[in-house]
Amino acid sequence: MDRTEVDRPDVVAEVKAAFERYEQALVSNDVTALDTLFFDDGRTIRYGGTENLYGHDAIKSFRAARSPAGLARALSQTVITAYGRDHAVASTLFYRASAPGKVGRQMQTWVRFPEGWRVVAAHVSVIEEPNPPAA
């Protein structure tokens, strides 16, 4: 791939908008929107903090059963990198008031389909914050 195709501003802006729709749907527990933003295919994967989900149906079932409590979070160091016109990776750190001293990590692989940008693979994990703020 020609390096001029990496981080095309128009593509980064599109994926940023899709990522922001995802984030809003996540914190407001808009399950329908979340289901739409994941590619509806048996090969879509989401590795979560306590679950390994293979296929859109498994991801959809997880979302439907998940508690809507405590979903608010603050994002940090969000990076969206586009590779050509149809592929991108979104990475972010997140913090929840309910998990002091912890930092969440989220990575999503996005692909442009005729119906729009969709997540085809995601990984979410939480670790001890490597450099906690001084008390």
Side-chain angles (χ1 to χ4, degrees):
M1 171 182 296
D2 181 338
R3 287 187 178 268
T4 63
E5 291 297 305
V6 175
D7 280 345
R8 292 174 52 108
D10 57 328
V11 177
V12 171
E14 290 174 13
V15 176
K16 182 178 184 223
F19 177 84
E20 288 171 351
R21 281 192 306 277
Y22 172 87
E23 185 63 20
Q24 180 57 43
L26 180 71
V27 299
S28 65
N29 200 40
D30 184 344
V31 175
T32 301
L34 291 168
D35 291 344
T36 299
L37 289 166
F38 272 74
F39 183 48
D40 190 353
D41 189 272
R43 294 166 288 191
T44 300
I45 296 172
R46 181 186 178 277
Y47 293 146
T50 60
E51 67 284 334
N52 298 319
L53 305 171
Y54 293 88
H56 189 268
D57 290 344
I59 297 166
K60 188 175 177 178
S61 293
F62 166 78
R63 294 266 187 234
R66 185 181 63 162
S67 169
L71 297 177
R73 63 192 197 163
L75 301 185
S76 175
Q77 297 183 353
T78 302
V79 176
I80 296 172
T81 306
Y83 299 94
R85 297 202 46 77
D86 301 317
H87 302 89
V89 175
S91 307
T92 196
L93 300 178
F94 64 88
Y95 299 87
R96 289 201 162 106
S98 61
K102 305 276 188 180
V103 59
R105 303 171 303 170
Q106 173 182 301
M107 293 188 78
Q108 300 167 325
T109 303
W110 291 80
V111 175
R112 180 199 312 266
F113 290 96
E115 61 272 22
W117 286 97
R118 300 294 184 263
V119 176
V120 297
H123 186 122
V124 179
S125 58
V126 178
I127 61 170
E128 296 292 327
E129 189 167 10
N131 301 309

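Keep in mind that what you see is a predicted model, and the values were worked out from it rather than measured. Counting begins at 1 with the first residue of the sequence.
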key: Donor-acceptor under 3.5 Å (Thr36 side chain, Thr32 main chain)   =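 Pair found, side chain donor or acceptor close to backbone of Thr32.
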ask   = Quick one: does His87's side chain have a donor or acceptor within less than 3.5 Å of a partner on Thr109's backbone?
value =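 No, because the side chain of His87 does not come within donor-acceptor range (under 3.5 Å) of the backbone of Thr109.
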Can you tell me how far [atom2] of [Y] sits from [atom1] of [X], rounded to the nearest 0.5 angstrom?
X      : Y     : atom1 : atom2 : value
Ile80  : Glu14 : CD1   : CD    : 11.5 Å
Gln106 : Leu93 : CD    : CG    : 10.0 Å
His56  : Arg46 : NE2   : CZ    : 12.5 Å

Is the shortest heavy-atom distance from the side chain of [X] to the side chain of [Y] under 4.5 Å?
X      : Y      : value
Val120 : Arg43  : no
Phe39  : Trp117 : no
Leu75  : Phe19  : yes
Phe94  : Glu23  : no
Tyr47  : Leu53  : no
Leu26  : Leu34  : yes
Asn29  : Arg66  : yes
Arg112 : Val11  : yes

Taking all non-hydrogen atoms of both residues, which atom of [X] and which atom of [Y] are closest, and how far apart?
X     : Y     : result
Ala64 : Val31 : N-CG1, 4.3 Å
Val6  : Met1  : CG2-SD, 4.1 Å
Val15 : Ala88 : CG2-CB, 3.7 Å
Ala33 : Ala25 : CB-CB, 3.7 Å
Arg85 : Asp10 : NH1-OD2, 2.9 Å
Gly70 : Arg96 : O-NE, 3.3 Å

request  = Answer yes or no: does atom CD of Gln77 have more than 12 heavy-atom neighbours from other residues, nucleotides or ligands under 6.0 Å?
outcome  =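 12 or below, so no.
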Mind checking whether [X] and [Y] sit in one hydrophobic cluster, side chains of I, L, V, M, F, W, Y counted as touching below 4.5 Å?
X      : Y      : value
Val12  : Leu37  : yes
Phe38  : Phe62  : yes
Ile127 : Val124 : no

ask   = Can Lys102 and Glu128 be said to form a salt bridge (Lys or Arg N to Asp or Glu O under 4.0 Å), step by step?
value = CA-CA 4 Å; Lys102 305 276 188 180; Glu128 296 292 327; 2.6 Å; yes
Thr4-Asp2 side chain donor-acceptor pair, cut-off 3.5 Å =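 Yes - a donor-acceptor pair under 3.5 Å links their side chains.
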query = Does Arg118 make a cation-pi contact with Phe113, if we ask for NZ or CZ under 6.0 Å from the ring centre and within 45° of the axis?
reply =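 No.
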